Number of protein chains: 2
Amino acid sequence: MVRQADSAGLSATNTKRVTINEVARDARVSKTSVSRYLGGARHLLSDETRDQIERSITKLGYQPNQMARGLKRGHTRLIGMIIADVLNPYSIAVMHGVEAVCQQHGYTLMVCNSNNDERAEGRYLEILQSYSVEGVILHACARSAANLGQIVRYQAPIVLVDRRLADFDTDLVGLDNYQSTITATSHLIDQGYRDLVFVTEALQGFSTRLEREAAFHLTLRRHPECAGFTLALDVNDAEKLDQELRNFLTSDGAGPKAVLATNGVVTLQASQSLRRLGRQLFEDIGLVGFDELEWSALIGTGITTIAQPTHDIGIAAMDCLLRRLAGDRSAPRHIAFRGQLLVRGSTTRNPSERRRAA
Amino acid sequence: MVRQADSAGLSATNTKRVTINEVARDARVSKTSVSRYLGGARHLLSDETRDQIERSITKLGYQPNQMARGLKRGHTRLIGMIIADVLNPYSIAVMHGVEAVCQQHGYTLMVCNSNNDERAEGRYLEILQSYSVEGVILHACARSAANLGQIVRYQAPIVLVDRRLADFDTDLVGLDNYQSTITATSHLIDQGYRDLVFVTEALQGFSTRLEREAAFHLTLRRHPECAGFTLALDVNDAEKLDQELRNFLTSDGAGPKAVLATNGVVTLQASQSLRRLGRQLFEDIGLVGFDELEWSALIGTGITTIAQPTHDIGIAAMDCLLRRLAGDRSAPRHIAFRGQLLVRGSTTRNPSERRRAA
DNA sequence: CTGTTAGCGCCTTCAG
DNA sequence: CTGAAGGCGCTAACAG
């Protein structure tokens, strides 16, 4: 049984990191040869030298110091990713895709969480730069590049995910918000819902939310038989949400009522609120939410969702980055994936159908 | 509107990173003075020099290169965290706690996802080391240090989270699995359930699963009126789970039946399976699951859970790490938090009570 | 108060 | 095929 604490105790004297010099000495060759061995120029070495170096390396447990390497070579095989909110499954799923590609290409992913704090975001951007990451995947919380300090003269290529950044046109990978929202809204209307509310977190200038909201109202305008409005909520104010939803439910309206939730977090909160209001999910109100989550099917009669290909979004983002790293200087690419409607009980008005959908 | 692609185009010639030398030249002082300015030894500088440096720095947009700094100083203010599965909300929640502390103390957190792959885990451990992280928080998927290569002579302190590692006694922060499981099992029995099944992912030697399973059977032994067994499942084999649960439900037994799910993933799968089997959640079967999740209350009549203080676990882990970084060489600490039982409809047998709990 | 000097660990010419 | 020398960007003695 080895004890970390003890071994740490030794470390001051004993465990000092072994360097290329020691390997060279142990193998009775020059640093250069060791470096060549490491750098994939082994064919330049005699068999004897190579074996000797190999032996010394494993014997001493040598590992090259990437800091020194990075300093010398100017690149680090490091990719940075800043996400606006780790607690949002969307971010995690995207990150998962990004990571897969990183691994495939020998990059290491460094993930930072800005917690929806612009200042933290800016700081992380700087930190990543100072660690010489080769590229950055950014799920931004800032809405304008102006708030991101030196981002404009950032050396490393940046790929935006999900949300765009005003005044800063880079590669962007996300959802086709117009198509997706139109699909969702039309679906509600097709199902016979007439009185719709678009529930979102405070718009705050986030491109994603704005686009979805715009598309919602656009669709409504094509359907004069329907009514609809936007409800922007404060994530931490459950009471207000309850209040608003209660009003909505008890108000006169154009007909059957439904909620369109702009992301997974909101979907969850709307569901919780409906529960608190004592509603049967989803008897007298429809619900469709952006973001497919593992529990979507299990709540009430099942929640109809717009699924984003999160994993693919991550892959595509990383793909953009790799191109830039390979020297691509062409105009920024904007990739928008289509959302996929998954119909469940929450938008099934006919009871017999509903049973089937659930 | 600035175009990243274009600015990248310039970068080859123009945007080359500005170094301390250029600042020094621009400010007409020596590197040393600039270094002192950066290193918080400003009081040693004349007002004039200080102002001059400050001006040059902002003018040139200088940012110290952490790689070089790290190389020189031997420390990097970098903490590494390896998590076994990003898709498990538990890991994310812990990471959230870790990150909060990191930020507080000026550390940057580098997160890697081993995806439950021992080899990836070992590789990441090496990579983190090669980037000279100062410490590592490890949610291990390997069960023995033997499979983790050079971990034994790792320089940086390692703090384990959730799961212990055979042959490697370090600081460990996790749940009191015995207490928690006993609480959960006793609760089921108190509620009148008599026929219990402990559902887990393949035990595979993970300390957490083993301990929970042991405590389950231990509790059962104290209650001869109850029966119980372990069901280890393959996460990807939904059919098998359905099959097993169907058998369980239709079998004769000691009385009312209930499931104890060993973590959030399993809880979800069990719920899905029950749904597929056409069961009303949770009329004729009880369920209590480890890990409180945001949707726990919303599924069926609400799922009773054992909540882990995930955020605090992260904080505590980071706390251990900070102590080690501060030079603490004492024996490894083992911190076990108590799980908290949150009772909901899934363990409420009396229909009227159930309504209230939901 | 300030500058000079010598590396941190590694890679990369440039000569053997 | 191999080694010596210089420098990446920065900090830390050591002298002024």
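First the proteins, then the strands, lettered A, B, ... as listed; each starts at 1. Bear in mind the structure is a predicted one, so any value in this text is a computation, not a measurement.
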Quiz prompt | Five-pair end axes of the helix from C:dC1-D:dG16 to C:dG16-D:dC1, angle between them (10°) | solution = 40°

Exercise. Could you list all the salt bridge (Lys or Arg N to Asp or Glu O under 4.0 Å) pairs where at least one residue sits in residues 124-148 of chain A, not counting sequence neighbours?
Key: A:Glu118-A:Arg143

Quiz item: Which letter, B, S or -, goes with each nucleotide of nucleotides 6-16 of chain D from 5' to 3', with contact meaning a protein heavy atom under 4.0 Å?
Solution: BBBBBBBB---

Exercise. With sequence neighbours excluded, tell me which residues meet salt bridge (charged side-chain N to carboxylate O under 4.0 Å, His left out) with A:Asp85.
Key: none

Practice problem: Please identify each residue that fulfils side-chain hydrogen bond (donor to acceptor under 3.5 Å, both in side chains) with A:Asn113, with sequence neighbours left out. | Solution: B:Glu99

Quiz prompt | Donor-acceptor contact below 3.5 Å, side chain B:Arg25 vs main chain B:Lys31 | solution = no

Quiz item: How would you list, by chain and number, every residue that makes a side-chain hydrogen bond (donor to acceptor under 3.5 Å, both in side chains) with B:Arg333, sequence neighbours excluded?
Solution: none

Quiz item: Got a sec, which residues hit side-chain hydrogen bond (donor to acceptor under 3.5 Å, both in side chains) with B:His334, two or more places apart in sequence or on another chain?
Solution: B:Asp169

Exercise. Could you list all the ring pair (Phe, Tyr, Trp, His ring centres under 6.0 Å) pairs where at least one residue sits in residues 129-148 of chain A, not counting sequence neighbours?
Key: A:Tyr90-A:His139

Self-check item: Leading and trailing nucleotides of DNA chain C with any atom under 4.0 Å from heavy atoms of chain B
Solution: C:dC1 to C:dG9

Quiz item: Can you name the residues that form a salt bridge (charged side-chain N to carboxylate O under 4.0 Å, His left out) with B:Arg163, not counting sequence neighbours?
Solution: none

Quiz item: In chain order, what residues pass the salt bridge (charged side-chain N to carboxylate O under 4.0 Å, His left out) check against A:Arg123, with sequence neighbours excluded?
Solution: none

Quiz item: What residues form a salt bridge (charged side-chain N to carboxylate O under 4.0 Å, His left out) with A:Arg42, not counting sequence neighbours?
Solution: none

